[in-house]
Structures are given as C-alpha cells and as structure tokens.
Amino acid sequence: MSHPVEQEAKFAREQLLAGCDTMERFLHGLLDSKGRVAEEVHAIRKLGKSLRGGFSLFRLGKNSAKEIQSIGRLLSSPRDAVSRLNTWHKLGWNEDESATAAIGALLVQQTHSAARRPPPETIAWCAERVAAARRNLQELTEEDLTKRVGIGLQKLSKQLAKRFGKIDHSGEEDFHDARKALKAYLGALGFMPAESFAPSPEMNELADVLGDENDLGTLAAWLEARGFTKDFVPGLWEKLTKSRGKLRKEAIADAARIISAGE
C-alpha cells in the first residue's frame with residue numbers, strides 16, 4: 001500500500017465532497033413521483049456506505065460517518081424488504097409448498113408496503129445530516145489532510161487484518177465485523193487515486209461473499225421472528241445452515257489468502 005502524499009489527500013477530499021453533493025441529489029430525487037423507491041434507496045445506501053469509509057479515511061468516523069449512517073438506517077425498510085425477497089429467491093427452497101407460499105407472499109407484501117416515499121420533512125432531515133458531515137470535512141486544514149489520511153488508512157488496514165484473523169472462529173459477530181471492516185476499507189480506497197490505491201479483486205470478491213452470508217443471516221432472523229422456526233420448517237433451516245456454512249468456509253479461505261498475500 002502506498003503512503004498518501006499531499007496531492008492525493010486533497011484529491012480524496014474533493015472526491016468525498018463531490019460524493020456528498022451526489023448524496024443530496026439522490027435524497028431530493030426521492031421526492032420525485034417517478035422511479036422506484038427501493039432502487040433509489042439502494043443507491044443512497046450504497047453511496048452512504050462508501051461515504052462512511054471516506055470519512056473514516058479522514059478520521060471523521062465518530063461524527064461525519066455517523067451522520068451518514070443515520071440516513072441509511074432511516075431509509076432501510078424499502079431496500080431491506082427487497083433484499084430479503086431476493087435472498088429468498090436465491091435460496092431456492094420449496095420442499096414445503098404451503099410454507100413456501102406463505103413466506104413468499106409475506107415477503108412480496110412487505111416490499112409493496114415499504115415502497116412509499118418518505119415525506120419531505122424526512123428528506124430535509126437527511127439532507128441536514130449530509131450538510132453536517134460535509135462541514136466537518138471542510139473545517140479540516142490543508143496541513144492536516146495528509147496526516148489524517150495516512151493515519152486513517154493505517155488504522156483501517158489494521159482493523160481489517162484484525163477482523164479477518166477472527167473469522168476462522170466462525171462466530172456470528174466475527175463475520176459481521178469482518179464485513180463492516182472490509183466495507184469501510186474499500187469505501188476509503190474508493191476516494192483515493194485508483195492508480196496507487198486500488199483494492200485487489202480478491203477483496204471485492206470477499207465483500208460479495210460476506211454480503212451474501214449476511215443476507216442469509218438477516219433472512220433467518222426475519223423467519224424466526226415471524227414463526228417460521230425449525231419446528232415447523234426444518235428443511236428450510238437445514239438449507240439455510242448449509243448455505244451459510246458454505247459461504248463462511250469460502251470467506252475464511254479468501255480472508256486467509258488476502259492476509260498471506262500481505263494486502
């Protein structure tokens with residue numbers, strides 16, 4: 001990994017400021033009656049995850065990144081509903097016709113219920129969060145930028161190595177923490193010049209694997225909360241467990257390779 005210089009730190013700041021501008025445009029776009037809410041919210045949340053990594057790069061994780069995180073949480077329902085439905089379809093379980101129909105119908109119903117646009121007052125509050133995050137970045141002195149980016153990259157890299165080293169324990173939170181650390185690291189690198197700070201393809205692939213594993217965990221929690229437990233649909237839970245286990249083995253192997261390669 002290269003050490004950032006002043007020009008690269010300034011580049012990252014400009015890219016991050018531009019990302020904030022894009023976030024505001026996306027938010028105001030939710031007030032337009034055209035388009036589909038779930039897709040628009042997905043774009044907002046995806047950008048938000050990247051912005052959070054960018055703010056962590058400048059060591060603004062405790063204020064600016066939290067401002068952006070609050071937006072994702074507030075707007076989570078539409079995209080979460082669609083994600084659960086997509087994960088259910090990908091799982092491909094249909095051993096129990098009655099249970100399959102009940103689960104699928106309820107998932108579809110929730111995607112429709114979650115498709116309503118947020119009120120203007122909510123969008124205004126979200127825009128205020130972006131503005132507050134941006135101000136924190138703008139208040140940094142140019143002399144401080146390079147130092148902050150250097151320390152930020154180092155901390156994100158160390159955190160990633162630490163989280164990767166723990167997922168071989170196969171604990172529920174270990175995979176969740178590794179996914180968060182990887183998202184933050186990739187988000188930060190996305191604001192740096194690609195010719196010097198591009199992540200390896202293996203990291204992007206691992207991010208996809210950890211995302212799929214997390215989606216199955218989220219679906220499992222949703223099923224449990226609505227009474228579709230192992231007592232009633234044992235075959236479904238066997239399928240879920242095997243699918244998550246396969247993804248976890250893949251993630252453990254991928255993380256080990258990345259660590260050994262010195263990423």
> To the nearest 0.5 Å, how far apart are CD1 in I44 and CD1 in I68?
Replying inline: 11.0 Å
> For the residue pair M192 and A12, what are the closest heavy atoms and their distance?
Replying inline: SD-CB, 3.6 Å
Output a table of donor-acceptor pairs, distance under 3.5 Å, between side-chain atoms of residues 47-66 and any protein atom two or more places apart or on a different chain; print 'none' if there are none.
| unit_1 | atom_1 | unit_2 | atom_2 | d |
| --- | --- | --- | --- | --- |
| S56 | OG | R52 | O | 3.1 |
| S64 | OG | A133 | O | 3.0 |
| S64 | OG | N136 | ND2 | 3.0 |

> Which distance, rounded to the nearest 0.5 Å, do you find between the CD of E213 and the OG1 of T218?
Replying inline: 9.0 Å
>> Is any side-chain heavy atom of L140 closer than 4.5 Å to one of L137?
In response: yes
> Can you name the closest pair of heavy atoms from W88 and G104 and give their distance?
Replying inline: NE1-CA, 3.9 Å
>> Rounded at 0.5 Å granularity, tell me how far CZ in F164 sits from CZ in R257.
In response: 11.5 Å
>> For the CD atom of E67 and the CD atom of E128, what is their distance to the nearest 0.5 Å?
In response: 10.0 Å
> Considering residues, nucleotides and ligands other than K183, do more than 12 of their heavy atoms fall under 6.0 Å from its NZ?
Replying inline: yes
>> List the residues meeting salt bridge (charged side-chain N to carboxylate O under 4.0 Å, His left out) with R84, not counting sequence neighbours, and say none if there are none.
In response: none
Could you pull out every donor-acceptor pair under 3.5 Å between side chains of residues 15-22 and any protein atom, sequence neighbours left out?
| unit_1 | atom_1 | unit_2 | atom_2 | d |
| --- | --- | --- | --- | --- |
| D21 | OD1 | R134 | NH2 | 3.1 |
| T22 | OG1 | A18 | O | 3.1 |
| T22 | OG1 | R25 | NH2 | 3.1 |

>> Do L160 and R163 have side chains that approach each other closer than 4.5 Å (heavy atoms only, starting at C-beta)?
In response: no
> Where is the tightest heavy-atom contact between T87 and L219, given as atom of each residue plus distance?
Replying inline: CG2-CD2, 4.0 Å
> What closest approach, in Å, do S196 and E8 show between heavy atoms, and which atom pair accounts for it?
Replying inline: OG-OE2, 3.7 Å
> Would you find a donor on one side and an acceptor on the other, under 3.5 Å apart, between the side chain of R117 and the backbone of L30?
Replying inline: yes
> Please, which pairs that meet salt bridge (Lys or Arg N to Asp or Glu O under 4.0 Å) have at least one residue in residues 92-109, sequence neighbours excluded?
Replying inline: none
>> With a 3.5 Å distance limit and no angle check, can you tell me whether S243 reaches the backbone of K239 through a side-chain donor-acceptor pair?
In response: yes
>> If you compare all heavy atoms of A127 against all heavy atoms of L27, which two are closest, and at what distance to 0.1 Å?
In response: N-CD1, 4.0 Å
> Could you give all pairs that pass the salt bridge (Lys or Arg N to Asp or Glu O under 4.0 Å) test and reach residues 223-235, with sequence neighbours left out?
Replying inline: none
> With a 4.5 Å limit on heavy-atom distance, are the side chains of L74 and W125 in contact?
Replying inline: yes
> Where is the tightest heavy-atom contact between C126 and I71, given as atom of each residue plus distance?
Replying inline: O-CD1, 3.5 Å
> From D208 CG over to L182 CG, what is the distance, rounded to the nearest 0.5 angstrom?
Replying inline: 9.5 Å
> Is L189 linked to I259 within one hydrophobic cluster, defined over Ile, Leu, Val, Met, Phe, Trp and Tyr using a side-chain heavy-atom separation of less than 4.5 Å?
Replying inline: yes
> Tell me, do F232 and L223 make a side-chain contact under 4.5 Å, heavy atoms counted?
Replying inline: no
> Just by modelled atom types, is the D80 backbone N or O under 3.5 Å from a matching donor or acceptor in the S83 side chain?
Replying inline: no
> Hey, any chance F191 and I151 share a hydrophobic cluster, counting ILVMFWY side chains that come within less than 4.5 Å of each other, even indirectly?
Replying inline: no
> When you check the gap from the basic side-chain N to the acidic O, do E173 and K166 get nearer than 4.0 Å?
Replying inline: no
> Looking at CG of L247 and CG of D212, how far apart are the two atoms once the value is rounded to the nearest 0.5 Å?
Replying inline: 6.0 Å
> Heavy atoms, side chains only, cut-off 4.5 Å: are V37 and R116 in contact?
Replying inline: no
> Judged by atom type as modelled, is there a donor-acceptor pair below 3.5 Å linking the side chain of T111 to the main-chain atoms of V108?
Replying inline: yes
> Taking only residues two or more places apart in sequence or in another chain, which ones pass side-chain contact (heavy atoms from CB on, under 4.5 Å) with A38?
Replying inline: V82
